[in-house]
S.K.: 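One structure follows; several queries about it will come next.
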Amino acid sequence: MQKTLTARQPFIFHTTVRSHGWWQLVPFHYMETTGLLTYILRLSSGKVVDLHIREAPGGVSVETATLTQSEHDELICLITWMLDLDRDLTAFYAVARREPKLAHVEQKACGRVLRSPTFFEDVVRTILTTNTLWAATKRMTTNLVDQFGESLETDASQKAFPTPDRLAATTEAQLRAETRLGYRAPYILELAQRESSGELNLEAYKTSNLPTLQMRKELMKIKGIGAYAAANLLMLLGRSDFIPLDSWALKMVSHEWYDGQPVTPAQVEAAFEKWAEFKGLAYWFWNWSYTGS
DNA sequence: GGTAGACCTGGACGC
DNA sequence: GCGTCCAGGTCTACC
């Protein structure tokens, strides 16, 4: 089947896909030259399908296998969520117009973020980004998908992101030794077991009306989620009141305003304080002067 | 509430 | 090839 979905304007597919690093992590795959984003999705019916998503006039086109009506409806909801198609960034663009370092955001349609279909997947991915290098995050994610993901019927090498149930059924030892998650193994296992048992309902966070501060506290109750990871997850939920403050943030702010001298987290916060509820977006899409490693 | 040290992995480097 | 050092956030114990 093929389906076209419209996006609230302005919308640029490439900008959304490249909004952060998820596009480099399986089961996402993005071919920049052709503008094709693929993703292996497990629907709630258990069917595993590969999605081919491209830019189309006014939005995106999605190509995948033949689906039942309920699977089709679920797919539309998931794609809309993953690409943040309904996002209204009018208020952010209004304040960004007054800042030269954010002058590009409206023209480039910055502000949407690429998300996983489930919030559980985003939480797992985020834990795998903490205290490690990006190459290791990619490796751990690949291991997790290869070892625990369900295969496409037509190609066993193509696998979906593992479900909470599947991960809950594994062991810490296996996650440590074979998936190479290190000390993160018990965090991922506990998260999967809590989600699988119903003790946690991470999907509800997508539509929660909790104040952002309260939401942050709830996220930080999850083992492995600290201040950086919580801010990152809030950004994925469309709440940009906090900065995902990591070593990169310290480096960027140091070069932007402190002549390369070491800065504290408080100084990073202070640098973006005036952006209030758009703090995270301003930080994320800031046109940094420093481009070194 | 703030701080120090431990937690792990894999890459870089020196020998 | 081996050993050592380092980067990367979070947790826990302690003050």
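The chains referred to below are lettered A, B, ... by the order of the sequence lines, with proteins before strands, and numbering in each begins at 1. Quick caveat, the model's predicted, so the values are computed rather than measured.
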S.K.: Whole angstroms only, please: what is the CD1-C1' distance between A:Ile127 and C:dG8?
M.R.: 15 Å
S.K.: In whole Å, I'd like the distance from the CG atom of A:Leu133 to the P atom of C:dG9.
M.R.: 9 Å
S.K.: Report which part of the nucleic acid A:Ala185 touches: base, sugar-phosphate, or nothing (heavy-atom distance under 4.0 Å, all strands).
M.R.: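 Answer is nothing: A:Ala185 stays at 4.0 Å or more from every strand.
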S.K.: How would you label the contact of A:Ile225 with the nucleic acid (heavy atoms, under 4.0 Å): base, sugar-phosphate, or nothing?
M.R.: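 Sugar-phosphate: the residue A:Ile225, judged by heavy atoms under 4.0 Å, touches backbone atoms but no base.
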S.K.: Assess whether atom CG of A:Asp88 is packed by more than 12 heavy atoms of other residues, nucleotides or ligands within 6.0 Å.
M.R.: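 Correct, the count exceeds 12.
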S.K.: Do A:Glu256 and A:Lys101 sit within salt-bridge range, that is, some charged N less than 4.0 Å from a carboxylate O?
M.R.: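 Salt bridge flag = yes for A:Lys101 with A:Glu256.
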S.K.: Can you figure out which of C:dT10, C:dT12, B:dT9 approaches the side chain of A:Lys223 most closely?
M.R.: C:dT12
S.K.: Quick one: A:Leu181 CG to C:dG9 C1', roughly how many Å, whole number?
M.R.: 15 Å
S.K.: Regarding A:Ile222, tell me which of base, sugar-phosphate or nothing describes its non-hydrogen contacts under 4.0 Å with the strands shown.
M.R.: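 Sugar-phosphate contact only.
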S.K.: What I want to find out is whether A:Arg115 reaches A:Asp84 closely enough, with some N-O distance under 4.0 Å, to be called a salt bridge.
M.R.: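 Salt bridge: yes.
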S.K.: Verify the distance criterion only: is there a donor paired with an acceptor across the side chains of A:Asp165 and A:Thr163 at less than 3.5 Å?
M.R.: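 Checked: A:Asp165/A:Thr163 side chains show no N/O donor-acceptor pair below 3.5 Å.
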S.K.: Does a nitrogen or oxygen in the side chain of A:Thr132 sit under 4.0 Å from OP1 or OP2 of C:dG9?
M.R.: no
S.K.: Quick one: on DNA chain B, does A:Asn131 or A:Arg180 contact a more 5' nucleotide (nearest heavy atom)?
M.R.: A:Asn131
S.K.: Calculate the interatomic distance between A:Trp134 atom CH2 and C:dG8 atom C1'; express it in whole Å.
M.R.: 13 Å
S.K.: Classify the side chain of A:Tyr183 and the base of C:dG9 as holding, or not holding, a donor-acceptor pair under 3.5 Å.
M.R.: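 Counting by modelled atom types and ignoring angles, a donor-acceptor contact under 3.5 Å is found here.
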S.K.: Starting from P on C:dG9, measure out to CE on A:Met220 and report it in whole angstrom.
M.R.: 14 Å
S.K.: How many Å lie between CG on A:Asn232 and P on C:dG8, as a whole number?
M.R.: 16 Å
S.K.: Take atom CG of A:Leu128 and atom P of C:dA7, then tell me their distance rounded to the nearest Å.
M.R.: 22 Å
S.K.: The side chain of A:Thr130 lies closest to which of these nucleotides: C:dG8, C:dT10, B:dG10?
M.R.: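 Closest nucleotide to the A:Thr130 side chain: C:dT10.
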S.K.: Would you mind telling me which of B:dC8, C:dG9, C:dC11 lies closest to the side-chain atoms of A:Tyr187?
M.R.: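 Closest of the options to the side chain of A:Tyr187: C:dC11.
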S.K.: Can you tell which of C:dT10, B:dG10, B:dC8 lies closest to the side chain of A:Arg139?
M.R.: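 When the side chain of A:Arg139 is considered, B:dG10 is the closest of C:dT10, B:dG10, B:dC8.
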S.K.: Is there a side-chain contact between A:Arg184 and the phosphate of B:dC8, meaning an N or O under 4.0 Å from OP1 or OP2?
M.R.: no
S.K.: Could you check, using the six-membered ring where one of them is a Trp, whether A:Trp288 and A:His255 have ring centers closer than 6.0 angstrom?
M.R.: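 Not close enough - the centres of the two rings lie 6.0 Å or further apart.
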S.K.: With the side chain of A:Ala229 defined as its heavy atoms from C-beta on, choose the nearest nucleotide among B:dC7, C:dC11, C:dT10.
M.R.: C:dT10
S.K.: In whole angstrom, what separates A:Leu245's CG from C:dG9's P?
M.R.: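 Rounded to whole Å, this separation is 10 Å.
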